[in-house]
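Each chain gets a letter, A, B and so on, in the order its sequence line appears, and its residues count up from 1.
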There are 2 protein chains.
Amino acid sequence: MAKSTKENRKEEILEAGLEVFAEKGYYNATTAQVAEKAAISQPYVFRFFKTKEELFIAALDRAFERILQTFKNVEAKPYQLVAKMIEAYEELSELHPNEIAVQVIGVSVTEKPIQDIAKKGLSQIRRYTLERFKAAGVKDAEREASTFLARGMLCNISYFLDLPELIDGKGK
Amino acid sequence: MAKSTKENRKEEILEAGLEVFAEKGYYNATTAQVAEKAAISQPYVFRFFKTKEELFIAALDRAFERILQTFKNVEAKPYQLVAKMIEAYEELSELHPNEIAVQVIGVSVTEKPIQDIAKKGLSQIRRYTLERFKAAGVKDAEREASTFLARGMLCNISYFLDLPELIDGKGK
DNA sequence: TATTTTTGTAATTGATTAATCACTAAATTT
DNA sequence: AAATTTAGTGATTAATCAATTACAAAAATA
């Protein structure tokens, strides 16, 4: 059985944070709830993250990092690239639903340092997708990339609000 | 010069609320800031809206109501329907930027009564758009409607985050 | 085994803010 | 002009919570 190292503890708290933030949002989540989920005392959270904001940033950053990495791992022949990327996204959102929720939440938080992470995340995804589309010879790559991003965000929202009707069931 | 009737006052507070919420988000907006912008005392806000939540709901509801109405007012021949609707949306977002911001904010607030308004608003827009597209004989109307909604939401986010690069400059 | 470092908690604080209360002045009605 | 309703404010409260402090026990080290 693995011993609870320092990094290990930090990871547990981050994971607890993801859960609580996903459920309650940034402002309604309390550090006490995070602590409880991580099975430690409330003040101990601050030994690993200086502020609640810093903890949320770590969570948001992970969410964006993972989705970008997921896209980078997609291998596909040009003609099936878009389909494969959608597939990768769908897989990820089943595997890490909390990270999806945190993305939605992060976008409308007004604290500057958090907003900056959200901006960076969205920018990177958009940039990477565009490059990939271009390289695959996708027609009208600019538009396809922003539509791809847009539909992805709407999926996230639809998941977060529990409003499945927002997206069309049967894909094109 | 128009006298300040009761309805008039309520309207002023709602307008002030829209401004403050758009700038600070739901949780960071204080009723004192709303009051200041409306040039009244903080407690007086509560004579018109029982709670801060109720004020936000009124603001969010107005935002969704306006966008739906805007779409309903669009007249266009079938082949130019989509273009006209995009045009209408763009006009509206220049005319009422605060309502756009409030839509983004409303989507990730976790208070149930607020979330319900957001769900209703999105649902209605999606439903109406779909009907309209179908009636105009748009091919693959389901998909076009959700793409339309998705791109609209991404526009809102891109506006709220001040991240214009998210959407492709030159429309197709 | 004495000392220091690490891991952890209980108790407290300090700031914030929605909402209420207690009240006054001005209109309006009788 | 007395009585009542309407419009409005200053002061207060009650709750919440992020963050700090002060401490204790266990582990590691000398």
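Annotation: of the two residues near DNA chain D, R47(A) and A32(A), the 5′-most nearest-nucleotide partner is A32(A). Nearest-nucleotide positions on DNA chain D for S41(B) and T31(A) put S41(B) closer to the 5' end.
Between R66(B) and E99(B) a salt bridge is recorded (basic side-chain N to carboxylate O distance below 4.0 Å). Electrostatic pairing of E12(A) and R9(A) counts as a salt bridge here, judged by a charged N lying under 4.0 Å from a carboxylate O.
As rounded to whole Å, 16 Å separates atom P of dT20(D) from atom CZ of F49(A). Distance OH (Y27(B)) to C1' (dT16(C)): 17 Å, rounded to an integer number of Å. Between the C1' atom of dT6(C) and the OH atom of Y44(A) lies a distance of 8 Å, rounded to the nearest Å. Residue F46(A) contributes atom CZ, which lies 17 Å from atom P of dG8(C) at whole-angstrom precision. The CD-P distance, from E111(A) to dA18(D), rounds to 12 Å in whole Å. Going from atom CG of N28(B) over to atom C1' of dA15(C) covers 14 Å, rounded to whole Å. One can place CD of Q42(A) at 11 Å from P of dT20(D), the figure rounded to the nearest angstrom. The distance between atom CD of E12(A) and atom P of dT7(C), rounded to the nearest whole Å, is 13 Å.
Across all strands shown, T30(A) has heavy atoms under 4.0 Å from sugar-phosphate atoms exclusively, and none from any base. A29(A) comes within 4.0 angstrom of sugar-phosphate atoms only, judged by non-hydrogen atoms across all strands, and of no base.
In this structure a side-chain-to-backbone donor-acceptor pair under 3.5 Å is missing from T31(B) to Q42(B).
Using a 3.5 Å distance cut-off with no hydrogens or angles, the side chains of N98(B) and E15(B) do not pair a donor with an acceptor.
Of the candidates dG8(C), dA19(D), dT9(C), dG8(C) carries the atom nearest the R9(A) side chain, counting heavy atoms from C-beta on.
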